[in-house]
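Computed from a predicted model, the values in this text were never measured in an experiment. All residue numbers refer to positions in the sequence shown, counting from 1.
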Amino acid sequence: MKLLTSKEMAAADRATFERIGVPSRAVMESAGREVVAVIFEHFNDLLPLGVGVLCGGGNNGGDGYVIARVLSGLGVPVIVASIKPLDQLSGDAAANALAFQRLGGTIEVLNEDGWHEGEFFTQLDTLGLVIDALYGTGLRGSLRGLGAELVSAVNLVPVPVVAVDIASGVEADSGRVEGPALEVELTVALQAPKIGHVVYPGASYAGTVVCVDIGVPDSLPEIADVRRELLTEASIARLVQAKLCETAETHKGTRGHLLVLGGSLGHCGAAKMSACAALVC
C-alpha cells in the first residue's frame, strides 16, 4: 500500500481532475460518501444520538459538508459548525455548504468570541459522534487561536471523534504534533494512508485507520511511481508467499535459502548482519 505525502496526493488529485477529466466535486462527493459508509459500519448504534460536524475552510471542510448532507438525508440528526465565514468559502467547499443548506441544514459559524456558548458546543456532550473536517492534510506547524481552542475543548468531551483524512493538529508529511491535536477514535484515510498516520507522535492520535477509495486511480504515475510503501499483514503475506516453495520439486537451488525482513531506511543494520551471517554459514 503506497504511503503518500500531502503533495503527492494533491498531484494525484490534479491528474484525476485535469488529465482524466473526473470533476473535482465528484471526487469530493465520493470521499464524503465513503466516510459515511465507514461511520455506519463502525458507529451505527451511536448515530441516533446525533452527529456534530466541524468544518474548516478548505477541501477537508468541503468533505465535511458532503458528510453532513448525506447523513441528514439518511435521517441522522446533524449539527454543523464552521470556523470559516460562509461567504469566504470557495470552489467545491462553497458548493457543498450551499447544497447542505438547501437540504434544510444550518451551519453555525464559530468565531473567537463566544464560540463555546453556541449551539454546537452546548450540545456536544449529548452527541453520539463528532466528525473532524477542520484541516486535513494541509496543516503545517501547530494549531493556533480558535482552532487550538476548539480541538482542546473537543478532547475534553467523552464523545468519539472520526477524522476525515487525518486528525487536526497532526502534520500529514511528518507525524509531528507541535500543539494540541484531536485524539480520534477512527481516521478515514482518503485514497491512501499518509506518513502522519504511521509515524509517531501523529500515529498515536489516529486511532483505527481505515483507507477508502475516493475515485483517484492508483494506476496514475503520481501514485504508482511512489516508492514509499506501508507494509501490512496482507502485503507481507504476498511477499513471503512469493518466496515459498511452490511445488514438491522446488529446492534451494531454485528458490534460495533465506528471506530477511526488517529494517527501514537508515536502520538496516540488524537485517544486514542477519543476511551476512547466513552467507557465512
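- With hydrophobic clusters built from ILVMFWY side chains whose heavy atoms lie under 4.5 angstrom apart, V162 does not share a cluster with L124.
- Between E29 and R33 there is a salt bridge, since a side-chain N of the basic residue sits under 4.0 Å from a carboxylate O of the acidic one.
- In terms of modelled atom types and a separation under 3.5 Å, the side chain of S152 and the main chain of E149 share no donor-acceptor contact.
- For the pair S24 and F17, the tightest heavy-atom approach, listed with the atom from each and the gap, is CA-CE2, 3.4 Å.
- Here the closest non-hydrogen pair linking L143 and A148 is O-CB, 3.7 Å.
- A salt bridge between D173 and K194 is absent, with no side-chain N of the basic residue lying under 4.0 Å from a carboxylate O of the acidic one.
- Residues P193 and L4 have side chains not in contact (no heavy-atom distance under 4.5 Å, counting atoms from C-beta outward).
- Within the 3.5 Å criterion, the main-chain N or O of C55 finds no donor-acceptor partner in the side chain of N60.
- Within the model, atoms OG of S30 and CD of Q191 stand 8.5 Å from one another, a figure rounded to the nearest 0.5 Å.
- Between atom OG of residue S219 and atom CD1 of residue I20 there is a gap of 6.5 Å, rounded to the nearest 0.5 Å.
- Inter-residue side-chain proximity for P217 and T16 is flagged as met; some heavy-atom pair is nearer than 4.5 Å.
- The minimum heavy-atom distance linking L220 with A15 is given by the pair CD1-CB, 4.1 Å.
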Quick one, I131 with I39, criterion side chain to side chain contact (heavy atoms under 4.5 Å, CB included). Give me CA distance, side-chain angles, the key distance, then yes/no.
CA-CA 10 Å; I131 308 300; I39 289 170; 3.4 Å; yes
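- L54 and L190 fall into different hydrophobic clusters, where Ile, Leu, Val, Met, Phe, Trp and Tyr residues are linked whenever their side-chain heavy atoms come under 4.5 Å apart, directly or through other members.
- Residues Y65 and V188 are members of one and the same hydrophobic cluster, defined by side-chain heavy-atom contacts under 4.5 angstrom among Ile, Leu, Val, Met, Phe, Trp and Tyr.
- Atom CG of residue D218 and atom CG of residue D213 lie 6.5 Å apart, to the nearest 0.5 angstrom.
- No donor-acceptor distance shorter than 3.5 angstrom exists from the side chain of Q88 to the backbone of P85, with no hydrogens or angles considered.
- Checked for salt-bridge contact, E222 and R14 miss the test: no charged N lies under 4.0 Å from a carboxylate O.
- Between the side chains of S174 and E171, at least one donor N or O lies within less than 3.5 Å of an accepting N or O.
- Although no hydrogens or angles enter the test, the distance criterion places a donor-acceptor pair under 3.5 Å between the side chain of T126 and the main chain of Q123.
- Across all their heavy atoms, A93 and G57 have their closest contact at CB-O, 4.3 Å.
- Side-chain atoms of V164 and D132, non-hydrogen and from C-beta on, never get closer than 4.5 Å to each other.
- How far CD1 of I79 is from OG1 of T106: 8.5 Å, rounded to the nearest 0.5 Å.
- Ion pair E178/R140 not flagged as a salt bridge, since none of the NZ, NE, NH1 or NH2 atoms sits closer than 4.0 Å to an Asp/Glu carboxylate oxygen.
- Looking at heavy atoms from C-beta onward, K2 lies out of side-chain contact with R228 at the 4.5 angstrom threshold.
- Interatomic distance, CD of Q101 versus CD1 of I107, reported as 4.0 Å (0.5 Å rounding).
- Environment of CG in N96: crowded, with over 12 heavy atoms of neighbouring residues, nucleotides or ligands closer than 6.0 Å.
- Of the possible polar contacts, none joining the S6 side chain to the A172 backbone as a donor-acceptor pair under 3.5 Å is found.
- The closest donor-acceptor contact from the side chain of E112 to the backbone of L146 lies under 3.5 Å.
- With a 4.5 Å cut-off on side-chain heavy atoms, M28 and D63 count as touching.
- Residues F40 and L47 form a side-chain contact, since some pair of their non-hydrogen atoms from C-beta on lies under 4.5 Å apart.
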Please test V80 against E108 for side chain to side chain contact (heavy atoms under 4.5 Å, CB included), starting from the C-alpha separation and ending with a verdict.
CA-CA 6 Å; V80 179; E108 178 184 354; over 6 Å; no
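- Taking 4.5 Å as the limit, every side-chain heavy atom of S82 sits out of range of all side-chain heavy atoms of L110.
- One finds the CG atom of L3 at 14.5 Å from the CZ atom of R227 (value rounded to the nearest 0.5 Å).
- In this structure, A167 and V184 approach most closely via the heavy-atom pair CB-CG1, 3.8 Å.
- Two different hydrophobic clusters hold V130 and V170 under the rule that ILVMFWY side chains link at heavy-atom gaps under 4.5 Å.
- For the residue pair L186 and V210, the shortest heavy atom distance occurs at CD1-CG2, 4.2 Å.
- Looking only at side-chain heavy atoms (C-beta outward), L49 and F43 stay at 4.5 Å or farther from each other.
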Run the side chain to side chain contact (heavy atoms under 4.5 Å, CB included) test on E185 and L129 for me, step by step, so that the C-alpha distance in whole Å, both residues' side-chain angles and the decisive distance to 0.1 Å come before the verdict.
CA-CA 10 Å; E185 188 88 8; L129 192 67; over 6 Å; no
Side chain to side chain contact (heavy atoms under 4.5 Å, CB included) assessment of V27 paired with V22
CA-CA 7 Å; V27 173; V22 177; 3.8 Å; yes
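- By the criterion of side-chain heavy atoms lying less than 4.5 angstrom apart, applied directly or through intervening Ile, Leu, Val, Met, Phe, Trp or Tyr residues, V35 is grouped together with V51 in one hydrophobic cluster.
- Between the side chain of H197 and the main chain of A192, no donor-acceptor pair closer than 3.5 Å is present.
- Within 6.0 Å of CD in E229 there are more than 12 heavy atoms belonging to other residues, nucleotides or ligands.
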